[in-house]
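All values reported here derive from a predicted model rather than from experimental measurement. Every chain is numbered from 1, with letters handed out A, B, ... down the list of sequences.
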There are 2 protein chains.
Amino acid sequence: MSPLIQSFVLHFGEMGSRWGINRTVGQIYALLYVSEKPLNADEIAEELAFSRSNVSIGLKELQAWRLVKLQHFPGDRREYFSTPEDVWAIFRLLAEERQKREVEPTLTMLRGALMESPANAAERHAQARMQAMYDLIELITSWFAEIQKLDAETLQRLMKLGSRVQKLLQITQSLARFTHRDGGDKEAKAESRAARPDEDDPGAGGSEGGAR
Amino acid sequence: MSPLIQSFVLHFGEMGSRWGINRTVGQIYALLYVSEKPLNADEIAEELAFSRSNVSIGLKELQAWRLVKLQHFPGDRREYFSTPEDVWAIFRLLAEERQKREVEPTLTMLRGALMESPANAAERHAQARMQAMYDLIELITSWFAEIQKLDAETLQRLMKLGSRVQKLLQITQSLARFTHRDGGDKEAKAESRAARPDEDDPGAGGSEGGAR
DNA sequence: TCAAATTTTCAAAGTTTTTTGAAATTTGAA
DNA sequence: TTCAAATTTCAAAAAACTTTGAAAATTTGA
C-alpha cells in the first residue's frame, strides 16, 4: 500500500479507538473510503494484514452502522464493499446512528429519572440538573435534525462559499435576530436556577422539552 | 446512593465507554454533575465503591478534559471537585477538547497527505476523497465555532422558545436563503486542489477561530 | 524542621476487548 | 441435490485496558 494511503488508514485505525470502534473497523473503513473500486473481504484482509475472520467481523460492524454498501459483480460470487461517495450522506448516517445508539438511550434514562418524585433535597437537586441536561440535549438534537435536512445541493453551495468564518457569521446573526423576536416571557426562572440550585427547583413538572 | 441518582451514574459509566472515557471517569463525572455540593476524592471513592487510587486517576483525566473544577474549603486541606453548572459551558468545553484531540490531528494528517503529489491513479483518487473529507470537516468545524460563540443568554432564549422543530425551520430557511445569494464561482476546485494545497487553504489561518 | 494528612505513582492482578485459526455454515451453480 | 467457494462462528490466545494496594511523594500546620 502506498504510504499516502497508509497514513490515512493508520490514522483512522487509531482514531477509531477514541470513538467506539476498534482498529480493524477503522482501518477497513478508511481503506474502503479511499479505494477506487469496491473490495472484497479477501482483498481487504490482504491489504491490511488482518485475518480473514477479523475482517468479516469488522465488515459486519460497518454494515450495522450502515457505513458500507454491499454489491456483487456478475460472474463473481464474492461480496464487494464500498462506502457512499457523498461525504455529506456519510456524515448524516453517522449522526443518525449515534443519535439512535447514544442520544436516545440517554434521553430515555433521563425521562425515567425525571418522572420520579424526589425523596429529598439531594434528589430534587439532581433532577434539576438532569432537566438542564435534558433540555440541552433536546435543543442540540433538534438543531442537528434541521441541519441534516440540508440537501447535498445546498451543501455544495455552502462548501463553494468556502469555510471562512466571516461568511458564517451571517448565519449566526440571522439566528440571533430570530431569537430576539421572542417577546418578554416569564424571565426569572433561568437565572435563579443556576445560582441557587436548591431553592427554586423547576424539577420534574415543567419538562416542556417536547418529550415524545 | 438513591436509585434515582444511581441509574444516572451507572448510565454514564456505560456510555463513557462508547466515547473514549472509561467507566470510572464516566461515573465520577456523573456523580459530580448531580451532586449538590463539591465532593472530595474520598467521598467519591466511597460513593462509587472504587479504590482511592482509581478515583485519583479518574479525577486527573477529568481535569485534563477541563470538565471539573477544583476548590478548597477553609480549614480543610482536601481538594473538592465539582462540575461547571452551566450546561452550555460544559458542552462548549467538550466540543473544544474534542476539536483539539480529534479534529485537529485529523486535519493535520489530511493536509499532509494532500500535499504529496500523487504517484498514480489510485493515489489521485485517494486524494480527491481526502479533499472531500477535509472540506466537510472544515465546514462542520466552522459551524461549530460559530455556534460556540452563542452566549449563555442567547441560549436561554433559544431554550425558552422550546426545542420545537418548527421554529428552527426558520433558521434553516435563513441559512438556505443566505446560500442562494452566492453567485457563480470557479468550479473545478475540488478534484484539482490536491496539487495546490497552498492556494486558498483556509486551514492554518483564520478558521480555527473558536478553539481555546 | 517534623509528622500527619492527603494525593499520586506504579507494578501487578484482574477484566475486557480484539484477533486468530479451525471448524461450521451458507450460498449459488451445475 | 451436491460441490466447492465464500462467509460466519467460536473458543482460545493475545493484547489492551482498568483497577487495586502498597509505597512514595507532596503538602500543610505546628
- Do any N or O atoms from the side chain of B/E96 and from the backbone of B/Q148 form a donor-acceptor pair under 3.5 angstrom?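 Such a contact is absent between B/E96 side chain and B/Q148 backbone.
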- Query: If only atom types and distance count, is the side chain of B/Q127 paired as donor or acceptor with the main-chain N or O of B/A113 below 3.5 Å?
  - Reply: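 Yes, because the side chain of B/Q127 sits within donor-acceptor range (under 3.5 Å) of the backbone of B/A113.
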- Using a 4.0 Å heavy-atom cut-off across all strands, classify A/N22 as base, sugar-phosphate, or nothing. sugar-phosphate
- With a 4.0 Å cut-off on heavy atoms, is B/R52 in touch with a base, just the backbone sugar-phosphate, or nothing at all?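 Touches a base.
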- Message: Please name the nucleotide paired to D/dA23 by Watson-Crick or G-U wobble geometry with both distances under 3.5 Å, or report none.
- Response: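 Because both required distances fall under 3.5 Å, D/dA23 counts as paired with C/dT8.
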- Paired with D/dG29 by Watson-Crick or G-U wobble geometry, both distances under 3.5 Å: which nucleotide is it? C/dC2
- Task: Please evaluate the base of D/dA6 for a donor-acceptor partner in the side chain of A/R77 within a cut-off of under 3.5 Å?
- Result: no
- Message: Can you say whether a donor on the side chain of B/S51 sits under 3.5 Å from an acceptor on the base of D/dG21, or the other way round?
- Response: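 In this structure, the two groups form no donor-acceptor pair.
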- Message: Just verifying a value: how many Å separate B/H125 NE2 and B/M130 CE, rounded to the nearest 0.5 Å?
- Response: 10.5 Å
- Note on the structure: In this structure, CD of A/E85 is separated from CD1 of A/I90 (nearest 0.5 Å) by 9.0 Å
Minimum-distance nucleotide (side-chain atoms of [X] versus [options]):
X: B/S53; options: D/dT19, D/dT9, C/dT9; value: C/dT9
X: B/S56; options: D/dT7, C/dT8, C/dT6; value: C/dT8
X: A/N54; options: C/dT8, C/dT20, D/dT9; value: C/dT20
X: B/I57; options: D/dT7, C/dT8, D/dT20; value: D/dT20

List, one per line, each side-chain donor-acceptor pair under 3.5 Å for residues 26-33 of chain A, sequence neighbours excluded.
| unit_1 | atom_1 | unit_2 | atom_2 | d |
| --- | --- | --- | --- | --- |
| A/Y33 | OH | B/R129 | O | 2.8 |

- Query: Within the structure, does a side-chain N or O atom of B/K60 lie under 4.0 Å from either OP1 or OP2 of C/dT9?
  - Reply: yes
Between [N] ([atom2]) and [X] ([atom1]): distance, integer Å:
X: B/F73; N: C/dA5; atom1: CZ; atom2: P; value: 21 Å
X: A/E79; N: C/dT27; atom1: CD; atom2: P; value: 9 Å
X: A/H72; N: C/dT27; atom1: NE2; atom2: P; value: 10 Å
X: A/I21; N: C/dT17; atom1: CD1; atom2: C1'; value: 15 Å
X: A/Y80; N: D/dT7; atom1: OH; atom2: P; value: 9 Å
X: A/E61; N: D/dT8; atom1: CD; atom2: C1'; value: 15 Å
X: B/D42; N: C/dT6; atom1: CG; atom2: C1'; value: 8 Å
X: A/E14; N: D/dA16; atom1: CD; atom2: C1'; value: 13 Å

